[in-house]
Structure formats: structure tokens, C-alpha cells
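Numbers restart at 1 for each chain; the letters A, B, ... are given by sequence-line order, proteins then strands. Owing to the predicted nature of the structure, the values given are computational and were not obtained by experimental measurement.
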Amino acid sequence: MSKDLTLVIAIVILTALVAIFFISFVAYRKTPMPKGCENLKMDQEKCASCSNESCMFHKKEESEDNK
Amino acid sequence: MNIFVAFVLAIISSMLMDNVVLSRFYGICPFLGVSRKVNSSLGMGVAVVFVIMLATLICWPFYTYILVPAGIPFMDTVAYILVIASLVQLTGLFIKKYSPSLYKSLGIYLPLITTNCAVLGVAQGNTDQGLSFLDSIANGLGTSIGFLLIIVTFSCIRTRLETANTPKAFKGLPIALITAAIMAIALVGLQGLFSGIKL
Amino acid sequence: MANAKHYIFVSITLGSIAAASALLIGGANYLTREKITQNEINSINKGIVAIFGQSAGIIEQKEIANDSYKYVTYYYAVSKEGSDENIGVAYRTTGSNMYGKISLLVGFNLSNEFVSISVISDEQTYAQTLTDNYIVPVQDGTRDYNDVSCGATYGAKLIRDMINDASKANEAQIWKD
Amino acid sequence: MKREKGYTKKNFLKGIINENPLFVSILGTCPALATTKTLEAAIGMGILFTVVLICSSALVSLLRKVISEEIRTPAYIVIIATFVTIVKMFTNAFLPDLYSTLGVFISLIVVNCIVLGRAEAYASKNNVFDSFIDALGMGVGYTLALLSMAFFREFLGTGAFAFGNIFTFIPLVKVQIIPKEYVMSIFQNPAGAFIVFGLILAVLAFIKNRKEEYKAYLARQEKIRKAEEAKKAALATAANKEEGGNK
């Protein structure tokens with residue numbers, strides 16, 4: 001197989017994967033929360049050992065602090 | 001040698017003797033972060049089992065039948081992380097839509113799993129080590145069940161430790177880490193448990 | 001309308017990021033590929049030196065695809081540097097078990113006696129126990145094949161099989177045809 | 001934006017001391033436990049990690065106006081994974097021994113919380129230079145933390161410091177300090193990693209507690225001194241009054 005063709009295939013595969021991820025990402029966000037799950041928390045505990053900013057708990061706790 | 005026995009032995013050894021957290025060091029962050037309450041650790045563990053199994057079932061064929069024939073096996077890490085991230089989102093989507101009760105118990109742990117090393121570590125390890133598909137499944141199953149087992153056990157110990165009289169400097173994480181060390185020593189003792197079986 | 005525009009912009013951004021990443025990775029692969037193959041050859045040469053001593057080198061190599069020896073993949077004839085005199089043969093064996101892939105060089109001298117082994121590549125997860133408990137004793141001359149415990153049962157059986165396979169291949173002199 | 005003086009220096013130093021990713025934020029623990037068997041492996045891991053962190057932070061900050069809010073996570077994941085793959089290939093080509101020692105942990109930099117966390121928390125909001133300095137500080141801080149763990153593990157576990165096994169371009173040096181019969185090989189095992197990490201965290205917590213206690217002690221002393229001064233002043237005024245009365 002020629003070098004250029006391999007690169008084209010690589011681009012196609014990667015773009016397809018990113019597209020799948022993006023679509024599922026948007027779809028997950030747009031799906032409404034089921035009833036009764038609006039205020040789910042991890043048993044009122046804080047993730048003390050993790051300050052991962054991308055984590056959803058992190059943001060929740062911060063916004064609560066702001067209030 | 002019976003394939004079934006080998007399969008079970010592979011599961012047991014990647015579950016206990018070469019435990020994912022205590023001897024391979026994957027997934028330490030959730031191991032320390034989500035192990036304060038037994039309920040949360042159970043939810044996290046079950047979610048990890050689910051995602052690791054799905055990732056193993058998808059990533060290995062993806063590597064063998066798409067990436068290698070296309071001549072781009074070097075793109076494995078990028079492909080795996082994207083597959084895992086999509087899987088997490090899709091799983092979340094499905095249980096959000098169709099099973100609110102499941103979402104109630106697992107939903108909040110799912111977004112955490114994208115950055116869990118255990119999932120990527122298992123997917124990457126399966127192909128890096130050149131395992132067969134059956135061995136990959138055994139590895140995935142053993143690893144994930146081992147994670148569930150250890151995180152639940154550890155959270156039980158930690159709830160007891162909260163009330164124990166530990167020195168002030170050791171309160172919280174340090175004593176938890178020392179506990180993990182003792183658990184690791186205990187699991188080392190199991191090595192060669194079934195050495196009577198001739199492979 | 002604005003929504004559609006926004007989505008087009010977003011997809012173009014993501015698509016170009018993905019394409020750029022694929023190009024970058026492809027370029028890096030193109031730059032490093034030759035070096036990686038060279039490294040592999042170097043590690044085989046190093047293994048030959050580790051088995052047969054300084055100034056040993058490969059004078060002839062042959063790929064072996066014989067179904068009755070499932071681990072043996074390559075045959076190497078070894079000589080002292082600067083002379084054509086053969087001082088031994090080595091076999092490259094590759095196999096995998098439930099812990100992963102491993103690749104060994106097994107060396108024999110001219111009177112078909114086992115000399116030593118040397119590890120070329122080792123993708124096994126728990127390689128440390130294997131190296132300490134099995135590979136080092138074999139290199140030191142122990143050849144009673146006691147299995148070591150590794151995981152739930154034996155991990156070292158693969159190495160024993162690979163050495164036996166190479167030994168059998170050497171006795172049959174499969175490289176002659 | 002107007003920046004205060006010495007911001008760059010502060011920005012660099014915060015990653016090393018006040019916000020050390022490993023010892024203060026407890027992030028990136030997986031490679032910290034797995035690759036600290038020897039000093040050399042720790043240095044290698046630290047350098048690779050720093051390179052990935054700097055590259056991805058700089059690029060994310062460069063593209064921060066193009067990447068809109070909703071495609072952040074996918075874009076960041078792709079960028080980080082790309083740099084990790086490139087770093088992995090170059091390691092495999094030029095430092096094959098480091099590559100085989102670290103193994104799958106090079107790929108696992110992708111899911112290291114520090115890289116994604118820095119991209120989201122800092123690089124997506126600040127300019128390229130600041131992000132670069134921030135990433136450099138975090139990387140150096142993480143490397144130093146790894147080195148301090150590897151120091152204890154290698155020293156207690158093997159009793160020696162060996163260089164040249166992984167970085168083959170430097171000559172092989174091995175300094176045996178503790179005789180081989182007296183080493184505690186548990187520190188080379190997984191359990192030893194947990195013990196060393198736990199003890200380091202305990203020592204840091206102890207120092208922090210001591211500092212707080214000392215501050216509280218100083219505050220108490222200050223209070224007592226003030227109270228005594230007030231008392232003295234009251235006594236002096238009372239004495240003055242008495243004197244005045246006697247006259």
C-alpha cells in the first residue's frame with residue numbers, strides 16, 4: 001500500500017472516531033435527566049483526593065460554593 | 001490443557017495475584033478518591049467493570065481488523081482513548097434514557113471513567129502484549145472484577161479507619177496508603193496458589 | 001440559521017484537529033520507523049554478544065517457517081569477528097502466553113550444547129519475576145526446569161518450551177534445507 | 001490585562017511548591033507509584049510527562065479562541081493523545097531502554113488527570129506564554145516529586161544508586177551504599193511504593209500541622225502580651241491617680 005493512501009485512511013478513521021465521540025457527547029448532554037436524578041450527589045462526599053477540573057462533581061461543588 | 005481451566009486461571013491471576021490497583025497501579029485516583037463510602041465505591045466498581053468489558057470487546061477487534069490491515073497500528077492510543085470516551089458517553093446516554101433507576105446508582109460515576117487509567121491500561125496492554133482475543137477477555141474480566149473487589153474492600157476498611165484513633169499527621173490519605181500497602185503484601189502471598197495444576 | 005452555521009464551524013474545527021493529529025502522528029512514524037527497525041537489529045546483535053562473548057557476530061541468517069517448531073522464527077550462524085570460522089548457532093524464538101509476548105535468543109555451540117539465552121523483547125506484564133527467577137538461572141547455567149510461580153500458576157513454562165523447541169530444531173538441523 | 005510584578009516567577013514556582021500536582025493535589029498517582037523503582041526511570045517519566053504537558057498546554061492555549069465551549073473535551077483529548085503518541089514513538093526510536101522500562105505507562109499519560117486538568121483550568125483561559133510557564137512549573141514539580149519518591153525506593157530497596165542502565169549514552173555507574181545483605185527489597189515491590197508515598201504525605205501533613213500550630217501559638221502569645229500590656233497600662237494609670245491623690 002502506498003504511503004499517501006495509508007495517511008488518507010488514517011485521517012478518515014481518526015475523523016470518524018472523533019465524529020462518533022462528538023455526536024455521543026452532544027447527545028449525552030442533550031438527553032434530559034431522568035426524574036428523581038436531578039440532584040444526585042456522591043453520597044454527600046467530596047472527592048478530596050482529586051482536583052480534576054473536568055470532573056462533574058468538581059464543577060458542582062464550586063458552583064455551590066459560589067452561592 | 002483445558003482451555004476453560006486456562007481461562008479461569010487467567011481471570012484469577014489478573015484478579016488477585018496481579019491485582020490491577022495493588023500491583024499494576026492502574027486506577028489509583030478513584031481507588032483513593034471514591035472509597036470513603038461503601039455505596040459510592042460499589043457504584044464506581046460496577047461502572048468500571050462494565051466499561052472495561054465493553055472496551056476490551058471493542059478495542060481488540062478494532063486493532064486487529066481495522067488498524068493493522070490499514071497499516072496504521074501506531075495510532076492505537078489515539079483510537080483507544082476516543083473509543084473509550086465515546087463508549088462512556090453512549091453508555092451514559094442509554095441508561096439515562098432507558099433506565100433511570102440504574103442511572104441513579106451508576107450515572108454519576110460514568111463521566112469519571114474516561115480518565116480512569118485502568119480502562120486505557122487494559123485496552124492498550126491487551127494489544128501491546130500480543131494477547132489473543134480469549135486472553136484479552138480473561139484479562140479484562142479479571143482486571144475489572146479485581147478492581148471492584150479491592151475498591152469495595154478498601155472502602156469497608158476506610159469507614160472503620162475514620163473512627164479509629166490515628167496520629168494526626170496520618171489522618172486521611174497517609175493511613176489509607178499504608179493500609180493499601182498491607183493489602184498489597186497480603187495479595188503477594190497468594191502467588192502460586194494453584195501451582196499444582198499442570199498447564 | 002445561526003445554529004446551522006455554528007455547527008458547521010464546530011465540525012470543521014474538530015475535523016481539522018483530527019486531520020492535523022493524524023498527519024502529525026503519521027509524520028512522526030515516518031521519521032522514527034527506520035530507527036526502530038535499526039534498534040531491533042541492534043538488540044539482536046547485543047544478544048549474540050551476550051551469549052557468545054565479545055567480538056561475536058552474525059555471518060548468516062535465515063527465516064524459518066516450519067510448522068513443527070512453532071516458536072522458532074530465525075536462524076543465525078555466529079562467527080568471530082574478522083573470520084569466517086563458525087563458533088555456534090543461535091535461534092530466535094517468539095511466543096506468547098496469558099501474560100504476553102516474549103522473544104528470546106537461544107544459543108548453541110558447534111557440538112550442539114546449549115550455551116545460554118538472551119532476551120530480545122519482553123512484553124510480559126510481570127516480567128520482573130520471570131527475569132529474576134527463571135531467565136537469570138538459565139543464563140547462569142542451571143537447566144533443571146523448575147517452574148516458578150507467577151500469577152496463579154506457572155509463568156515460565158513458555159520459556160522452557162521455547163528453549164526445548166530451539167534445541168529440537170538445532171538437533172534436526174532444520175536450517176540446512 | 002495588567003499583570004503584577006513577578007507574576008511569571010510566582011506562576012512557575014506555584015507548580016513546584018504550593019500546588020505541587022503529586023503531593024498537594026494528589027494527582028497523577030498511577031505513574032508516581034509505578035515508575036519510581038529507580039531514579040533513572042523516574043527522571044525519564046518526568047521528562048516525557050513535562051514534554052507532553054508543555055506541548056499540549058501551549059497548543060490548547062494557542063487554539064483557545066477557536067475551540068468553542070462544547071467541543072472542548074473531544075478536542076483536548078485528541079490533542080493530548082496526539083502528543084503522547086508522538087512522544088512514545090520518539091522514545092521508542094531514540095531511548096528504547098526507557099521505552100521498555102516504562103511500557104504502557106507512556107500511553108497512560110493520556111489519562112493523567114494533570115494534563116487534562118491543566119488544559120481545562122489554566123491553558124484554556126490564559127495566553128501562550130503564561131500557559132507555557134505554568135506547564136513548565138507543573139512538570140518540574142511533578143518530576144521533583146517523582147524523584148523524591150524514587151530516591152527512597154531505590155536507596156532502601158537496592159542500597160545503591162545505579163545510572164546508565166536506561167540512559168545508555170552515559171557510562172554505567174553504580175554506587176553501593178548499603179551492603180546487599182541489609183537492603184529491604186520490599187521498597188522495590190508494589191507495597192513499598194504505597195508505604196513511601198503514604199509516609200511522605202504524612203511527613204508533609206506533619207510539617208503543615210506544625211506550622212499551623214506554631215501560627216496559633218504566636219497568635220496566642222500576641223494576645224497574652226497585649227492583655228499584659230493593657231493590664232500594665234491600667235495599673236500605671238491607677239498608680240498615677242493614687243500619686244495624684246496623695247499630693
Side-chain angles (χ1 to χ4, degrees), chain B residues 18-19 21-33 74-82 84-86 89 111-129 166-188, chain D residues 23 26-36 73-74 76-89 92 103-117 186-187 189-210 212-213:
Chain B
D18 306 310
N19 186 277
V21 177
L22 296 177
S23 82
R24 280 190 265 173
F25 302 123
Y26 299 163
I28 307 272
C29 290
F31 176 67
L32 296 174
F74 50 83
M75 300 241 307
D76 49 358
T77 310
V78 188
Y80 293 160
I81 186 72
L82 284 171
I84 291 165
S86 325
Q89 302 292 342
L112 286 172
I113 292 178
T114 314
T115 50
N116 186 336
C117 334
V119 187
L120 184 65
V122 168
Q124 182 84 44
N126 283 341
T127 50
D128 272 6
Q129 294 167 30
T166 42
K168 200 179 167 196
F170 275 91
K171 278 240 156 65
L173 272 184
I175 192 72
L177 283 163
I178 306 283
T179 315
I182 295 169
M183 288 169 79
I185 296 172
L187 285 184
V188 166
Chain D
F23 288 148
I26 326 283
L27 288 178
T29 37
C30 307
L33 295 171
T35 62
T36 51
T73 317
Y76 292 172
I77 286 180
V78 173
I79 289 173
I80 295 168
T82 307
F83 281 118
V84 169
T85 315
I86 292 172
V87 163
K88 194 169 114 181
M89 281 173 183
N92 193 1
V104 77
F105 283 95
I106 303 181
S107 307
L108 289 187
I109 298 177
V110 179
V111 285
N112 197 317
C113 313
I114 305 171
V115 187
L116 201 60
I186 190 174
F187 285 104
N189 292 343
F194 282 109
I195 292 179
V196 169
F197 193 33
L199 288 182
I200 289 181
L201 285 186
V203 169
L204 291 179
F206 179 74
I207 293 171
K208 201 178 151 205
N209 287 346
R210 266 298 161 92
E212 273 166 16
E213 273 169 24

Checking [X] against chain B: side chain, backbone, both or neither under 4.5 Å from a heavy atom?
{"X": "D/T85", "answer": "side chain"}
{"X": "D/I186", "answer": "side chain"}
{"X": "D/A193", "answer": "side chain"}
{"X": "D/V196", "answer": "neither"}

Enter the distance from [X]:[atom1] to [Y]:[atom2] here, rounded to the nearest 0.5 Å.
{"X": "B/I182", "Y": "D/I195", "atom1": "CD1", "atom2": "CD1", "answer": "7.5 Å"}
{"X": "B/I28", "Y": "D/F197", "atom1": "CD1", "atom2": "CZ", "answer": "9.0 Å"}
{"X": "B/L22", "Y": "D/L33", "atom1": "CG", "atom2": "CG", "answer": "10.5 Å"}
{"X": "B/I81", "Y": "D/L108", "atom1": "CD1", "atom2": "CG", "answer": "9.5 Å"}
{"X": "D/T36", "Y": "B/F25", "atom1": "OG1", "atom2": "CZ", "answer": "7.5 Å"}
{"X": "B/L177", "Y": "D/I26", "atom1": "CG", "atom2": "CD1", "answer": "8.0 Å"}

Suppose we screen for side chain to side chain contact (heavy atoms under 4.5 Å, CB included). Which residues come up paired with B/A118, at least two apart in sequence or across chains?
B/V20, B/Y26, B/I52, B/N116
Restricting to non-hydrogen atoms, name the atom on [X] and the atom on [Y] that form the minimum distance, rounded to 0.1 Å.
{"X": "D/S107", "Y": "B/T77", "result": "OG-OG1, 3.8 Å"}
{"X": "D/G28", "Y": "B/C29", "result": "N-SG, 4.4 Å"}
{"X": "B/A85", "Y": "D/I77", "result": "CB-CD1, 4.3 Å"}
{"X": "B/R24", "Y": "D/F105", "result": "O-CZ, 3.4 Å"}
{"X": "B/I185", "Y": "D/A191", "result": "CG1-CB, 3.4 Å"}
{"X": "B/G27", "Y": "D/C30", "result": "N-SG, 3.6 Å"}

Which one, B/K168, B/M75, B/M183, leads in non-hydrogen pairs under 4.5 Å with chain D?
B/K168
Under 4.5 Å heavy-atom distance to chain D, tell me which part of B/L120 shows up: side chain, backbone, both or neither.
both
Interchain contact, B/T114 with chain D, by part (heavy-atom threshold 4.5 Å):
both
Could you go step by step and tell me if D/L199 and B/I178 meet the side-chain contact (heavy atoms from CB on, under 4.5 Å) rule?
CA-CA 8 Å; D/L199 288 182; B/I178 306 283; 4.2 Å; yes
Test D/K88 against B/D76 for side-chain contact (heavy atoms from CB on, under 4.5 Å), laying out the working first.
CA-CA 11 Å; D/K88 194 169 114 181; B/D76 49 358; 3.7 Å; yes
Any pair with a residue in residues 194-210 of chain D that passes salt bridge (charged side-chain N to carboxylate O under 4.0 Å, His left out), sequence neighbours left out, goes on the list, sorted by first then second residue, please.
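Checked against salt bridge (charged side-chain N to carboxylate O under 4.0 Å, His left out) - neighbours excluded - the pairs reaching residues 194-210 of chain D are D/R210-D/E213.
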Assess the residue pair B/V188 and D/N189 against the criterion (side-chain contact (heavy atoms from CB on, under 4.5 Å)); give the C-alpha distance rounded to whole Å, side-chain angles, the decisive distance to 0.1 Å, and a yes or no.
CA-CA 10 Å; B/V188 166; D/N189 292 343; over 6 Å; no
